[in-house]
Chemist: 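Following this message is one structure expressed as structure tokens.
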Amino acid sequence: MEMPGEHGQQITLLLKQWSSGDQQALDSLITLVYPELRAIAARYITRERPGHTLQPTALVNEAYLRLVRQPEREWHDRAHFFAVAARIVRGVLVDYARARRTSKRSSDRLEVTMPAPVRGRLPAGVDLLDLDAALEALQKIDIEQSRIVELRFFGGLSMEEAARALGISMSTANREWTIAKTWIRRHIKGGREDHE
């Protein structure tokens, strides 16, 4: 998801203008970031189990509507913007999973396949609501670890971008990422064993 410096600087400038109330900057910003948001959504949707009905465009459109309704728009830079976008995408997906589970039988699980950077430390097919619950529990223990998983998984940020968004060093980001993946794997495994 890395972008050339000039493009990233343009996004940062538009974010600051939008934060100052310039609605025209929002239109220009959306033109720049929409393809990237859609690519994130498409990557996420392709990891969903077969038969998933949420389309990338619908996911991005709902995320966009929630984004522009955000009461606080003090964006620091492109990485901060995508960090907020990751949280919003997570919210849209979790709301969708809950609604789908409610409309089906109560045991219907919406499993996702983890992307390569997450796979290997987490089960291959993870229920989205189990992952969300694990992230909520982790957030109560260590918000930074929870955020790094959110940024990488839901936001599609690289490790470098996630570190920048959180304002931490790469070595700290790598350590937190490793600990968080292990914690989430154990939490999800423990939850499954409790239900068996």
Side-chain angles (χ1 to χ4, degrees), residues 1-48 52 54-97 112 114-118 128 131-132 135-136 139 143-174 176-177 180:
M1 214 172 90
E2 283 295 337
M3 285 188 165
E6 187 176 317
H7 195 87
Q9 290 171 356
Q10 187 177 10
I11 289 172
T12 300
L13 176 64
L14 289 169
L15 285 167
K16 289 181 180 175
Q17 291 172 345
W18 179 36
S19 295
S20 299
D22 183 349
Q23 287 303 111
Q24 197 168 13
L26 175 61
D27 295 337
S28 300
L29 176 67
I30 294 306
T31 300
L32 282 175
V33 301
Y34 189 88
E36 193 169 357
L37 288 172
R38 193 176 188 297
I40 290 167
R43 279 194 305 270
Y44 182 86
I45 296 296
T46 59
R47 293 193 309 253
E48 284 280 353
H52 191 276
L54 185 63
Q55 297 300 312
T57 301
L59 174 56
V60 172
N61 289 343
E62 179 60 28
Y64 165 76
L65 290 173
R66 293 185 188 192
L67 187 65
V68 297
R69 291 184 201 138
Q70 287 285 107
E72 187 176 331
R73 295 187 192 137
E74 288 299 316
W75 313 108
H76 305 295
D77 56 20
R78 178 186 166 278
H80 181 232
F81 173 79
F82 280 100
V84 173
R87 180 159 294 230
I88 290 171
V89 166
R90 175 182 168 194
V92 171
L93 290 166
V94 167
D95 289 350
Y96 174 80
V112 293
M114 300 309 237
V118 184
L128 178 61
L131 176 60
D132 183 63
L135 283 172
E136 289 294 324
Q139 186 174 346
I143 193 164
E144 196 168 83
Q145 290 175 6
S146 173
R147 293 294 311 276
I148 202 160
V149 173
E150 184 176 66
L151 292 171
R152 305 270 341 261
F153 186 74
F154 293 100
L157 270 64
S158 68
M159 187 62 79
E160 294 82 7
E161 290 173 313
R164 204 167 40 249
L166 293 171
I168 58 177
S169 70
M170 273 297 293
S171 60
T172 300
N174 283 319
E176 299 289 10
W177 172 241

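Both backbone and side-chain heavy atoms feed into the values below; hydrogens, waters and symmetry mates do not.
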Chemist: With sequence neighbours left out, what residues match T31 under side-chain hydrogen bond (donor to acceptor under 3.5 Å, both in side chains)?
Modeler: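 Testing T31 for side-chain hydrogen bond (donor to acceptor under 3.5 Å, both in side chains), a comparison that skips the adjacent residues, returns none.
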
Chemist: So which heavy atom on A25 is nearest to which on L14, and how close?
Modeler: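 Heavy-atom minimum between the residues: CB-O, 3.7 Å.
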
Chemist: Can you find a heavy atom in the side chain of F154 that is under 4.5 Å from one in the side chain of L131?
Modeler: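 In short, these two side chains touch, coming nearer than 4.5 Å.
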
Chemist: Can you tell me how far apart OG (S28) and CG (D22) are? Round to the nearest 0.5 Å.
Modeler: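 If we round to the nearest 0.5 Å, S28:OG and D22:CG are 8.0 Å apart.
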
Chemist: Return the minimal non-hydrogen interatomic distance between L166 and L151, and the atom names on each side.
Modeler: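 Smallest heavy-atom distance, with atoms named: CG-CD1, 3.8 Å.
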
Chemist: The criterion is salt bridge (charged side-chain N to carboxylate O under 4.0 Å, His left out); which residues satisfy it with E144, sequence neighbours excluded?
Modeler: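 E144 satisfies salt bridge (charged side-chain N to carboxylate O under 4.0 Å, His left out) with no other residue.
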
Chemist: With R90, which residues qualify under salt bridge (charged side-chain N to carboxylate O under 4.0 Å, His left out), at least two apart?
Modeler: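 Salt bridge (charged side-chain N to carboxylate O under 4.0 Å, His left out) list for R90, sorted by chain: D132, E136, E150.
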
Chemist: How close do L93 and L128 get, counting heavy atoms only, and between which atoms?
Modeler: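 Closest heavy-atom pair between L93 and L128: O-CD2, 3.4 Å.
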
Chemist: To the nearest 0.5 Å, what is the distance between CE (M159) and CH2 (W177)?
Modeler: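 Between atom CE of M159 and atom CH2 of W177 there are 6.0 Å.
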
Chemist: Using the test side-chain hydrogen bond (donor to acceptor under 3.5 Å, both in side chains), find all partners of Y34 that sit at least two apart in sequence or belong to another chain.
Modeler: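 Here the qualifying residues are N61.
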
Chemist: For residues L157 and A165, report the shortest heavy-atom separation together with the two atoms involved.
Modeler: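 Reported closest heavy-atom pair: CD2-CB, 4.3 Å.
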
Chemist: Drop me the distance from L26's CG to Q17's CD, to the nearest 0.5 angstrom.
Modeler: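 Here the rounded value is 11.5 Å.
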
Chemist: Given side chains that start at C-beta, do those of R87 and R147 come closer than 4.5 Å, heavy atoms only?
Modeler: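 In short, these two side chains touch, coming nearer than 4.5 Å.
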
Chemist: Is there a side-chain contact between F81 and L29 in this structure, where contact means two heavy atoms from C-beta onward sitting under 4.5 Å apart?
Modeler: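 Heavy-atom side-chain distance check passes, below 4.5 Å.
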
Chemist: Below 4.5 Å, heavy atoms only, C-beta onward: do Q23 and W18 meet side chain to side chain?
Modeler: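 Yes, side chains in contact.
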
Chemist: Is E62 close to I88 at the side-chain level, that is, under 4.5 Å between some pair of heavy atoms?
Modeler: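 Counting from C-beta outward, I88 and E62 never come under 4.5 Å.
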
Chemist: Which distance, rounded to the nearest 0.5 Å, do you find between the CD of Q145 and the CG of L135?
Modeler: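 It comes to 11.0 Å.
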
Chemist: Kindly give the heavy-atom pair with the smallest separation between P35 and I30, and that separation in Å.
Modeler: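 What the structure gives for the nearest pair is CD-O, 4.4 Å.
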
Chemist: Apply side-chain hydrogen bond (donor to acceptor under 3.5 Å, both in side chains) to T172 and list each qualifying residue two or more places apart in sequence or on a separate chain.
Modeler: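 In terms of side-chain hydrogen bond (donor to acceptor under 3.5 Å, both in side chains), with neighbours along the sequence ignored, T172 is linked to S169.
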
Chemist: Go through the structure and list residues passing salt bridge (charged side-chain N to carboxylate O under 4.0 Å, His left out) with D95, not counting sequence neighbours.
Modeler: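 Listed in chain order: R66.
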
Chemist: Hey, could you give me the CE/CD distance between M170 and E160, rounded to the nearest 0.5 Å?
Modeler: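 Rounded to the nearest 0.5 Å, the CE-CD separation comes out at 4.5 Å.
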
